[in-house]
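Throughout, protein chains are lettered first and strands after them, A, B, ... in sequence-line order, and every chain is numbered starting at 1.
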Number of protein chains: 2
Amino acid sequence: MFDVSDLRFLTALSASPSLAAAARNLGVTPPAVSQRLALLEDRLHLRLIERGRGQLRLTAEGAYLIDRAKGVLDDIESLSEDMSARAGRIDGPLHVIAPFGFGRLRVAPVMTRFGDEHAELRPMLSLREDPVGAMNDGLWDVLVHVGRLPNLRITQRKLAPNRRLLVASADYARRFGLPQRPKEIAAHRVGVVRENRADASLWLLTGPGGIEMNLRVKPVFGCNDGEVLRAWALDGFGIVERSEWSVSSDLRVGRLVRVLPDWSLPDADIVALLNPRGVRSLRIDKFVERLASEISAPPMA
Amino acid sequence: MFDVSDLRFLTALSASPSLAAAARNLGVTPPAVSQRLALLEDRLHLRLIERGRGQLRLTAEGAYLIDRAKGVLDDIESLSEDMSARAGRIDGPLHVIAPFGFGRLRVAPVMTRFGDEHAELRPMLSLREDPVGAMNDGLWDVLVHVGRLPNLRITQRKLAPNRRLLVASADYARRFGLPQRPKEIAAHRVGVVRENRADASLWLLTGPGGIEMNLRVKPVFGCNDGEVLRAWALDGFGIVERSEWSVSSDLRVGRLVRVLPDWSLPDADIVALLNPRGVRSLRIDKFVERLASEISAPPMA
DNA sequence: TCAAACATTAAGGCACAGCTTAATGCCGGC
DNA sequence: GCCGGCATTAAGCTGTGCCTTAATGTTTGA
């Protein structure tokens, strides 16, 4: 007769390329995995997994058992969620995906505070360069993104408005001057963020009177963490495009200055997406409410 | 997140009239049950059971959880059975119901031998005066009965033929003589077995040439264990109706003699019934095969 | 009123499941 | 051939879950 932890163990195995990788994912040593699997196979008198190099190969029995196990685990999770909802409890896992910079500076603190208030909550934050890719990689409940994601059939709830601005440090401006027209940017050092699969070097600018132009820049520095780019801008590396949330206080105190202030870039609202295939649970709803409430508020620094 | 043992625990509770009764059924002390339930309720922040005298009262949440739990446990059992079948294993619980005498003398030994050969098998034999009633009382996989049960839509597999005979001890015959015709039985001491809800004091006799008569006897001794009745017959208490399996060796060596040997009673074949709502599993099939094989064979004594 | 049955609380015990460490062997790539 | 990664085995450890015992209080029925 199976125990839930046995079923969980097996599904974790089936998601890993090797027993050693499964051990790392489970946070235990390889003998723990090896021995547990062997014990299970011995109890069942069945071979579940063929060991060898390359991807773990499930036997027919192993594949059948794991398929069935997933169904049972889904039922148990669903039941657990039901009972949690009936009690109005906020507990269990909360898987959040967010970009590097925004995730670290704005989402993580919210999760910390939310988690502090709910002892049984298990927050899991995944900072990714490519949040959309991460959606396909595994568990997620909430995805936070800077800018609406195109071509997705998932409702994107707006958490806060957010403009994208061109900025440079005051020091850079003193030493190199600033461009007065978009075309002059070509003579400047430009840095970009590689935050997702979007084309970071194509800037869509809207100028006075509504005229639009696409400007192809040639980045000479870049990073997949937007906050690194901000730091480089502060260090005088050059001109960068950043979200307003990221640079608003720098602009206020003059560390950074606007570049081409008469021209604007497309807004990049902060949005939250809920996994349509995930559970509907109170903790997720409450977390998103909290996120919206705190992110709409002006940043503290 | 629920553990299987939690779900089992709850379903055991729901089948009991009190926490104390559940403890007895589970083979633990009342504090074990009381504390475990309290811990579970504390974890869930939900009241599952209202304590008080009389039948345990489930809350709405408790009832919902237990209902869902049963579904999950069924799935897990079904999966366990599947995997057992794939491995050709003979293991797990085997619930058998049988009458007192036949169960003790003929079924139990088979279960012992079968269980000895299969270490992971958990045989559970329930000896009952009223096997049919026991069918409604809880778990059962196989029911063994002496005589076909009427008005049941369950297939009754014949394990062995079996006649019912009227017998008395040789000593009784010497002291009181034996009846030569059915009507003379009224002048004798008669004992009956109360083995089920059937009318034990109405004997349907078939005589020479096929004539039939119903004979209403007035029992002066009786017991719900047929083997006690045999012992009393051997002790000279009077005339009894017994199955051939029970008295064949006594007749052979002369301890008992036939009464009205030209008259017969309806046969009472030994039959096995499989619970149509139970699991289809190898251990049950194999056990019934073994039972049929051993019960068809002549008894050893 | 008393006894029996039930439920609960507090405190302590302990078995065993789930690891860990140490060692060894295998395989593949450089 | 060497190194790194993987899998396995043997032996030992330990935390904790699941009890137990002892005591107390409540309720019900005779």
Atom-pair distance (CG on L26(B); P on dT20(D)), nearest Å: 11 Å

Cationic tip of R128(A) within the cone over F100(A)'s six-membered ring, i.e. under 6.0 Å and within 45° of the normal? no

Would you kindly check if the NZ (Lys) or CZ (Arg) of R189(B) is within the cone defined by 45 degrees around the ring axis of F221(B) and under 6.0 Å from the six-membered ring centre? no

When rounded to whole Å, the CG to C1' distance for the pair L19(B) and dT9(C) reads 14 Å

With a 4.0 Å cut-off, would you call R283(B) and D141(B) a salt bridge? no

Tell me: CZ of R47(A) to C1' of dA7(D), nearest whole Å? 11 Å

Identify, with sequence neighbours excluded, every residue that meets ring pair (Phe, Tyr, Trp, His ring centres under 6.0 Å) alongside H95(B). none

In degrees, rounded to 10°, what is the bend between the two ends of the helix from dT1(C)-dA30(D) to dC30(C)-dG1(D), using five pairs at each? 20°

Can you tell whether the side chains of E81(A) and R280(A) come within less than 4.0 Å, N to carboxylate O? no

Per nearest nucleotide of DNA chain C, the residue lying toward the 5' end, A21(B) or S5(A), is A21(B)

Expressed in angstrom and rounded to an integer, what is the separation of F9(A) atom CZ from dG18(C) atom P? 10 Å

Taking atom types as modelled, is there a side-chain donor on R68(A) or S78(B) under 3.5 Å from an acceptor on the other? yes

Nearest to the side chain of S18(B), which nucleotide is it out of dA7(D), dC6(C), dT20(C)? dC6(C)

Does atom CD of E117(A) have more than 12 heavy-atom neighbours, drawn from other residues, nucleotides or ligands, at distances under 6.0 Å? yes

Is the distance from OP1 or OP2 of dC6(C) to the nearest side-chain N or O of R51(B) less than 4.0 Å? no

For a side chain to side chain donor-acceptor pair (under 3.5 Å) check, start with the C-alpha distance between R24(A) and S18(A), then their side-chain angles and the critical distance, and finish with the verdict. CA-CA 10 Å; R24(A) 287 190 294 270; S18(A) 66; 4.7 Å; no

How long is the line joining CG of L48(B) and P of dA7(C), in whole Å? 15 Å

Rounded to whole angstrom units, what separation is found between the CZ atom of R8(A) and the P atom of dG18(C)? 13 Å

Any chance you could lay out the side chain to side chain contact (heavy atoms under 4.5 Å, CB included) test for E289(B) and K286(B), step after step, and finish with the verdict? CA-CA 5 Å; E289(B) 282 178 27; K286(B) 291 294 182 188; 4.1 Å; yes

Expected list for residues 31-46 of chain B near DNA chain C, using heavy atoms below 4.0 Å, is P31(B), S34(B), Q35(B)

Among the candidates dA7(C), dC19(D), dA7(D), find the nucleotide nearest to the side-chain atoms of V28(B). dC19(D)

